[in-house]
Structures are given as structure tokens and as C-alpha cells.
Amino acid sequence: MRKEVKRIFASYGIDINKALKTLAKTKISLHCWQLDDVMGFEDAGSLTGGIQTTGNYPGRARNFEELTKDLDKALSYIPGSKKINLHAIYQTGEIVDRSDVGPAQFKQWVEYAKARGLGLDYNPTIFSHPMLVDGMSLSSPDEKVRNYWIKHCINGLKITEMFGKELGQKALMNIWIPDGLKDVPADRIGPRLRLKDSLDKILAGYKYDKKVMDVSVESKVFGIGVESYTVGSNEFYLNYAATRGILNLIDTGHYHPTENVADKISAMYSFFGKLAFHVSRPVRWDSDHVLKLNDDLQDVADELVKCDGLQRSYIGLDYFDASINRVAAMIIGARNMEKALLKALLTPWHLLKEAQDSYDHTRVLALQEEIKTLPWGEVWEEYLTRQGMVSDSKMFEEIREYEKEVLLKR
Ligand code: RNT
Ligand code: ZN
């Protein structure tokens with residue numbers, strides 16, 4: 001990085017070293033499911049529950065060995081502090097029934113994470129399973145179905161607690177369910193009250209150690225096949241989380257296309273001490289495209305920085321694309337998250353706030369536009385060097401090589 005770059009940012013009151021240190025300690029939870037199209041190790045067949053991966057790019061990881069090999073490769077190109085986000089379907093060893101998946105099935109993952117200094121997060125997998133009856137799980141009219149998934153989630157609390165305890169990094173268990181209806185419901189409140197009751201039973205089912213883990217709930221506006229109604233809507237979970245002292249997870253792909261998701265962050269921090277995220281990229285009706293460094297992502301990163309949210313949030317990524325090299329997709333999306341955070345950390349928010357508070361909206365506009373062309377790219381290169389990582393273009397070359405040598409031979 002040229003000396004000049006440091007001076008330019010300093011002239012706006014920005015300390016590059018401080019920004020890079022903050023960025024390096026901001027944890028990003030990498031979703032393992034990008035590497036295998038959300039298939040898992042259970043041999044469950046197809047992905048169900050209103051989510052889909054499309055494409056059949058060669059080289060999909062098919063088991064623990066292949067997945068961790070690809071993960072190691074991806075990790076070696078992703079700077080900063082990292083965690084791995086797992087789903088119940090990534091259980092290892094002798095496969096057990098979904099409702100019985102517990103700490104024993106995740107010992108191997110704990111060893112993997114320990115050896116690499118990584119944290120782990122967990123998600124009960126409430127899709128791709130025959131006990132999802134008529135697309136319903138925790139809100140099902142059938143008590144047997146509800147109890148099945150309640151048990152699955154209670155076991156999940158034990159797994160997540162183990163992650164937090166064993167790895168010394170606070171772990172998150174996030175609950176997302178696909179429950180909903182294709183057409184206009186006859187009864188909207190029934191399923192919601194059943195979901196509320198099921199969630200209460202989960203939280204009462206095991207007294208987890210709040211010092212080592214958190215629980216979150218993830219809403220969604222609609223899904224494939226559940227176009228008219230989702231039981232776990234935004235209002236439902238926001239109220240649930242607020243009244244039960246748990247976290248509300250914002251998946252940035254789960255809102256109406258014209259809603260500004262970033263705007264929710266400050267509103268939520270006005271009431272919650274901590275937030276959780278699945279950072280994703282919605283495209284029309286689909287919510288899970290690989291992160292691009294676009295305005296939406298920048299907006300989210302800016303708000304996280306301005307709200308002092310970096311150490312008060314679980315930042316997880318959530319996208320799955322089977323039409324391109326999966327390892328490259330994981331790295332490019334994660335690097336974009338880091339780039340957006342870096343740009344946010346290099347922005348003179350104090351000057352912008354000052355201008356807004358003194359009614360100088362012309363100054364706000366001028367400054368917002370002026371800073372867009374500051375040489376942040378050189379700071380990114382500097383960050384990669386300090387983290388011992390290669391440039392974006394070199395990364396691509398090396399992943400192409402990995403594709404030839406490893407992925408295409410599968
Ligand atoms: C689905 C949700 C959910 C999943 C993952 C696999 O719309 O976003 O979080 O993507 O848990
Ligand atoms: Zn999500």
C-alpha cells in the first residue's frame with residue numbers, strides 16, 4: 001500500500017491500522033452448505049421445504065472428507081476470524097434418525113474446528129425429511145409431527161452448547177422452518193399459536209448455558225410452494241424473540257424485494273443488545289444468490305459498523321449456488337462480506353453524522369459520493385497481505401487449479 005493512501009484516509013480522520021484490526025477480529029460464520037448444495041450426509045435424496053439449489057456444476061462434496069477438504073481450501077483464502085455454520089444433516093459417523101441427532105454426531109466437527117481455532121454454529125434441519133408432513137413441522141396440526149421436531153431442536157440446544165463450551169467461542173443455534181401455505185389460508189392464527197407453543201417447549205426442554213450460546217429464530221416472507229403464507233413471518237418472530245429473550249435473525253434475502261433490510265438494523269438495535277444475520281442476496285423470487293459487493297450488502301455493512309454491531313452480532317452467510325464452482329462461490333461471497341465491512345470501517349461516519357445533525361444535507365450527499373472513489377482497494381490488498389493471503393485474481397487462478405486437480409476428479 002502506498003504511504004499516500006494512509007495519508008488520504010487520515011485526512012478524513014480514518015486510521016487504517018485500526019480499521020484493519022477491527023476487521024480482522026470480526027467473526028464471519030461460513031455456511032458449510034454452500035459446498036454441497038444443502039445435501040448433507042444423510043442420503044436424504046432431494047432438498048425440500050421451499051428452498052432449491054439449481055445447477056449441476058461438477059465436483060460437489062459428497063461426504064465429510066470431501067466437504068472438509070473443500071472447506072480447508074476455501075478457508076485458506078478467506079481473511080479474518082471465522083466460524084463454520086453447520087446443519088443437523090451434516091451429522092457424522094453412524095447416521096441416526098433426525099430427531100436423535102445429538103452431541104455424539106458432532107464430535108468429529110468439534111475436533112475439526114478445534115484443530116483450526118474455529119468456532120461452530122448450528123441449525124436444526126427442518127426440511128428434506130418425511131416428517132415434514134404437508135410442508136408443516138413445528139406448526140403442524142399433528143401433535144406427533146410437532147413433537148418430532150421439538151425433540152430435534154432440544155437435541156440441537158445440546159449440540160450448540162457443546163460447540164460453545166468446547167471451542168470457547170459463543171455459538172448460535174438458529175431455527176428456520178419452511179411451514180406455510182401455497183394459497184390463501186383458511187386459518188392463519190392456528191398454525192402460529194402452535195408454532196409459539198412448540199418454540200416454548202423447545203426453550204423449556206433444556207436449560208442451556210446462556211454464557212456459551214444463543215438461540216435465534218429466522219423469518220421469511222415466502223418460499224417456493226408457500227407463496228401465500230409463512231407461519232414464521234417477520235412480525236411473528238420479532239415479537240417472539242423480544243418476549244422470550246432470544247435473538248431475531250435477519251436473513252437479508254427474506255423480505256419483500258423493495259424493503260430496505262439494512263434499515264431494520266438500527267431499529268432492532270434500539271431494543272435488542274444483539275442481532276443475528278444470514279447475509280444473502282435476493283434475486284426476484286429467490287433468496288440465496290452468492291454475495292456480490294453491491295449497494296444492498298454495503299448498506300448492511302455500513303449499518304453494522306455505525307450501530308457498533310460488529311461484536312454484538314452473529315454474522316453468518318447464507319447462499320447456495322450449484323451452477324458455478326462451489327469453493328470459488330464460498331470464497332467470493334465471503335471476501336465480499338469482508339470488503340463491504342472494510343469499506344464501512346474506512347468511512348468517516350463522524351463527519352457524515354455531524355453534517356446531518358447540523359442540517360447540512362448537501363454536505364452529506366457530497367461526502368457520501370466523494371468517498372466512493374477513495375483508494376480502498378489498496379487497503380484491501382494490504383489486509384490480504386497482513387493476513388497472509390493472495391489477491392483476488394491469484395485466488396481465482398489457484399481455485400481453477402484445485403478444480404482441475406480435485407473437483408473434476410470426483
Ligand atoms: C431458507 C433459510 C435457511 C436456509 C439454511 C440452509 O430460506 O434461509 O436459513 O437457507 O438454513
Ligand atoms: Zn437463511
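Each ligand, and each atom within it, is numbered from 1 in the order the structure gives.
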Subset of ligand 1 atoms that lie under 4.0 Å from at least one heavy atom of I51: 1 (C), 7 (O)

Between K409 and E405, is there a side-chain N and carboxylate O pair less than 4.0 Å apart? yes

Pairs of nitrogen or oxygen atoms closer than 3.5 Å, one from D318 and one from ligand 1: do any exist? yes

I'd like to know whether NZ of K264 has more than 12 heavy-atom contacts from other residues, nucleotides or ligands below 6.0 angstrom. yes

Answer yes or no on whether K158 is positioned over the face of Y208, meaning its NZ or CZ is under 6.0 Å from the six-membered ring centre and within 45° of the axis. no

Report the part of H31 in contact with ligand 1, treating N, CA, C, O as backbone and CB onward as side chain, heavy atoms under 4.0 Å; options are side chain, backbone, both, neither. neither

For the Zn ion (ligand 2), the nearest N/O/S atom on D251 is atom OD2

Would you say H87 has any N or O atom under 3.5 Å from an N or O of ligand 1, going by distance alone? yes

Which one of F127, W176, F41 satisfies the ring pair (Phe, Tyr, Trp, His ring centres under 6.0 Å) criterion with H87? F127

Hey, does N123 come in under 3.5 Å of ligand 1, counting only N/O atoms on both sides? no

Could you identify the single nearest non-hydrogen protein atom to atom 9 (O) of ligand 1 and state the distance to 0.1 Å? E218 OE1, 2.8 Å

Please test K210 against D214 for salt bridge (charged side-chain N to carboxylate O under 4.0 Å, His left out), starting from the C-alpha separation and ending with a verdict. CA-CA 6 Å; K210 294 196 170 147; D214 280 304; over 6 Å; no

Is the closest N or O pair between D288 and ligand 1 shorter than 3.5 Å? no

Any N or O of N174 closer than 3.5 Å to N or O of ligand 1: no

So the atoms of ligand 1 within less than 4.0 Å of a heavy atom of H254 turn out to be 1 (C), 2 (C), 7 (O), 8 (O)

Ion pair present between D197 and R146, side-chain N to carboxylate O less than 4.0 angstrom? no

In this structure, atom 7 (O) of ligand 1 is nearest to the protein heavy atom K220 NZ, 2.7 Å

Return the orientation label for the W380 and Y383 ring planes: parallel under 30°, perpendicular over 60°, tilted otherwise. tilted

Give yes if a backbone or side-chain nitrogen or oxygen of W33 is under 3.5 Å from a nitrogen or oxygen of ligand 1, and no if not. no

With a cut-off of 4.0 Å, which atoms of ligand 1 are near a heavy atom of F320? 10 (O)

With distance as the sole criterion, is a donor-acceptor pair present between the side chains of E303 and Y269 under 3.5 Å? no

Quick one: is the NZ or CZ of R326 closer than 6.0 Å to the six-membered ring centre of Y57, and within 45° of its axis? no

State, to 0.1 Å, how close E161 and M213 come at their nearest heavy-atom pair, and which atoms those are. N-SD, 3.6 Å

Please find the N/O/S atom of H278 nearest to the Zn ion (ligand 2) and write down its name. ND1

Atoms in ligand 1 flagged as close to H278, the criterion being non-hydrogen separation under 4.0 Å: 9 (O)

Where G223 and T230 come nearest, the two heavy atoms and their spacing: N-CG2, 4.4 Å

Among the N, O or S atoms that D318 has, which is closest to the Zn ion (ligand 2)? OD2

Specify whether an N/O/S atom of E218 falls short of 2.8 Å from the Zn ion (ligand 2). yes

